[in-house]
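Quick one: this structure, given as structure tokens, is what I'll be asking you about.
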Amino acid sequence: LPVEILTNTKLKDRNSCFKIFVGKQFNENWAAELAYTSLGKFTSDSNVTDGEVLSGTEHSEAKPECWSLSGVGILPLGNNFSLQGKAGICLWDDWTKASETDTSGEVTETRSADRTHRGANLTFGLGAKYNITNNLGIRAEWESFESVVNNTSSVHMWSGSLQYKF
């Protein structure tokens, strides 16, 4: 059986993410939030060998995104500051593209595949909020989206948001 070994792998997993969210605060301590989040683009480039000789290259990329519904717990601290914790469900899509170039023979051959993975997994996060006015606030938060890249890898995101209450 031929054996393929990936060597000299370069990973790039730091990208810009963004989210748009709407929510409803039920009282001082509880809220619900619906959000769409684009989780960036992740790429990998590798050399492929048969153990001795370079036989090709492999490139792959993934672009996960998710719709989430979360319950938000709020702890008011006074002076317009509060801490927040949230947990919910993330319905995700992960578009994956992979290509492999075989250079082991005299002819160079390229094979590629596009695929979309879908699933539902846990999302959770922690943050802090400052209310500038009764209707306008800013918040900083850390969020984790579990197993959204090929249903195996999680994405952790830091974000700053401007929040407006109607």
Side-chain angles (χ1 to χ4, degrees), residues 6-47 58-100 112-166:
L6 298 178
T7 61
N8 299 330
T9 300
K10 297 177 188 174
L11 296 174
K12 183 179 177 189
D13 65 354
R14 296 192 182 268
N15 285 290
S16 297
C17 303
F18 74 87
K19 76 175 175 180
I20 299 170
F21 61 95
V22 295
K24 169 73 174 154
Q25 187 166 345
F26 302 108
N27 60 40
E28 185 178 68
N29 299 105
W30 296 104
E33 184 176 284
L34 174 67
Y36 167 79
T37 308
S38 172
L39 296 166
K41 178 179 167 182
F42 303 86
T43 61
S44 170
D45 291 296
S46 302
N47 290 326
E58 185 174 283
H59 173 80
S60 62
E61 58 186 60
K63 295 179 182 178
E65 57 187 22
C66 105
W67 285 93
S68 59
L69 179 62
S70 301
V72 182
I74 303 163
L75 177 64
L77 299 176
N79 294 329
N80 296 329
F81 283 98
S82 63
L83 297 178
Q84 299 180 345
K86 66 177 165 181
I89 189 84
C90 170
L91 303 175
W92 57 268
D93 287 330
D94 175 27
W95 174 80
T96 304
K97 179 179 179 180
S99 62
E100 185 176 285
S112 64
D114 292 345
R115 194 169 164 183
T116 300
H117 302 273
R118 290 185 170 89
N121 290 74
L122 179 66
T123 182
F124 55 90
L126 297 170
K129 180 176 146 188
Y130 176 73
N131 290 320
I132 299 167
T133 67
N134 286 339
N135 293 32
L136 187 63
I138 55 173
R139 69 186 203 186
E141 61 188 323
W142 169 85
E143 294 175 89
S144 180
F145 300 89
E146 296 299 298
S147 301
V148 295
V149 180
N150 291 326
N151 203 25
T152 57
S153 299
S154 300
V155 175
H156 305 284
M157 180 175 88
W158 287 94
S159 64
S161 304
L162 187 61
Q163 181 176 330
Y164 186 79
K165 282 186 190 178
F166 293 97

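Numbering starts at 1 and runs along the sequence shown.
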Point to revise | Over 12 foreign heavy atoms within 6.0 Å of CH2, Trp30 | key: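 Check fails, neighbour count at 12 or below.
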Exercise for review: Indicate yes or no for a side-chain donor-acceptor contact from Asn29 to the backbone of Ile74 under 3.5 Å, with no hydrogens or angles considered.
Suggested key: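 Yes, Asn29 side chain to Ile74 backbone: donor-acceptor pair under 3.5 Å.
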**Study point:** From CA spacing to verdict: side chain to side chain contact (heavy atoms under 4.5 Å, CB included), Ser68, Thr123
**Key:** CA-CA 8 Å; Ser68 59; Thr123 182; 4.1 Å; yes
Exercise for review: Find the distance between CD1 (Ile89) and CG (Leu122) and round it off to the nearest 0.5 Å.
Suggested key: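 Going from CD1 on Ile89 over to CG on Leu122, the span is 7.0 Å.
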Practice item. Give, for atom SG of Cys90 and atom CH2 of Trp67, the distance between the pair rounded to the nearest 0.5 Å. Key: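 Output value for this atom pair is 11.5 Å.
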Practice item. Indicate whether any N or O donor in one side chain lies under 3.5 Å from an N or O acceptor in the other, for Glu146 and Ser144. Key: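 Short answer, yes.
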Check your understanding: Under a 4.5 Å cut-off applied to non-hydrogen side-chain atoms, are Glu65 and Tyr36 in contact?
Key ->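 With C-beta onward as the side chain, the pair touches.
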Point to revise | Flag for Ser99-His59: side-chain donor and acceptor within less than 3.5 Å | key: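 Their side chains do not contain a donor-acceptor pair, so the 3.5 Å distance test is not met.
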**Study point:** Pair Lys86 + Glu143, salt bridge at N-O below 4.0 Å
**Key:**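 Salt bridge flag = yes for Glu143 with Lys86.
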Practice item. Measure from NZ or CZ of Arg139 to the centre of the six-membered ring of Phe21, then state whether that distance is under 6.0 Å and the direction lies within 45° of the axis. Key: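 Judged by the rule (NZ or CZ under 6.0 Å from the ring centre, within 45° of its axis), Arg139 counts as positioned above Phe21.
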Exercise for review: Just do the side chain to side chain contact (heavy atoms under 4.5 Å, CB included) check on Glu33 and Lys24 with the steps written out, would you?
Suggested key: CA-CA 7 Å; Glu33 184 176 284; Lys24 169 73 174 154; over 6 Å; no
Review point. When rounded to the nearest 0.5 angstrom, what is the spacing between CH2 in Trp142 and CH2 in Trp158?
Key: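 Spacing of CH2 (Trp142) from CH2 (Trp158) equals 8.0 Å.
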Exercise for review: Classify the angle between the aromatic ring planes of Tyr130 and Phe81 as parallel (below 30°), tilted (30 to 60°) or perpendicular (above 60°).
Suggested key: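 Tilted, since the angle between the ring planes falls between 30° and 60°.
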Point to revise | Any side-chain heavy-atom pair of Lys19 and Ser38 under 4.5 Å | key: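 No - every pair of side-chain heavy atoms lies 4.5 Å or more apart.
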Review point. Do you know the tightest heavy-atom contact between Ala62 and Asp94?
Key: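 Residues Ala62 and Asp94, closest heavy atoms: CB-OD1, 3.4 Å.
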**Study point:** Audit row: Trp95, Glu61, side chain to side chain contact (heavy atoms under 4.5 Å, CB included) steps and yes/no
**Key:** CA-CA 8 Å; Trp95 174 80; Glu61 58 186 60; 3.5 Å; yes
Review point. So which heavy atom on Gly85 is nearest to which on Leu126, and how close?
Key: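 Where Gly85 meets Leu126 most closely, the heavy atoms are CA-CD2, 4.1 Å.
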Exercise for review: Tell me, yes or no, whether the heavy-atom count around Asn134 atom CG, taken from other residues, nucleotides or ligands under 6.0 Å, exceeds 12.
Suggested key: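 Atom CG in Asn134 is not packed in, count stays at 12 or less.
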Review point. Shortest non-hydrogen contact from Trp92 to Ala120?
Key: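 Distance-wise, the nearest heavy atoms are NE1-N, 3.5 Å.
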Check your understanding: Roughly how far apart are Leu39 CG and Phe18 CZ, rounded to 0.5 Å?
Key ->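 It comes to 9.5 Å.
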Practice item. Answer yes when Lys129 and Glu141 have at least one side-chain N-carboxylate O distance shorter than 4.0 Å, and no when they do not. Key: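 A salt bridge is absent here (no side-chain N lies under 4.0 Å from a carboxylate O).
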Check your understanding: Rounded to the nearest 0.5 Å, how far does CG of Leu136 lie from CG of Asn131?
Key ->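 It comes to 8.5 Å.
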Review point. Going from CG on Leu75 to CD on Gln84, what distance comes out if it is rounded to the nearest 0.5 angstrom?
Key: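 The CG atom of Leu75 sits 10.5 Å away from the CD atom of Gln84.
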Check your understanding: Are there more than 12 heavy atoms of other residues, nucleotides or ligands under 6.0 Å from atom CG of Asn135?
Key ->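 Atom CG in Asn135 is crowded, with more than 12 foreign heavy atoms closer than 6.0 Å.
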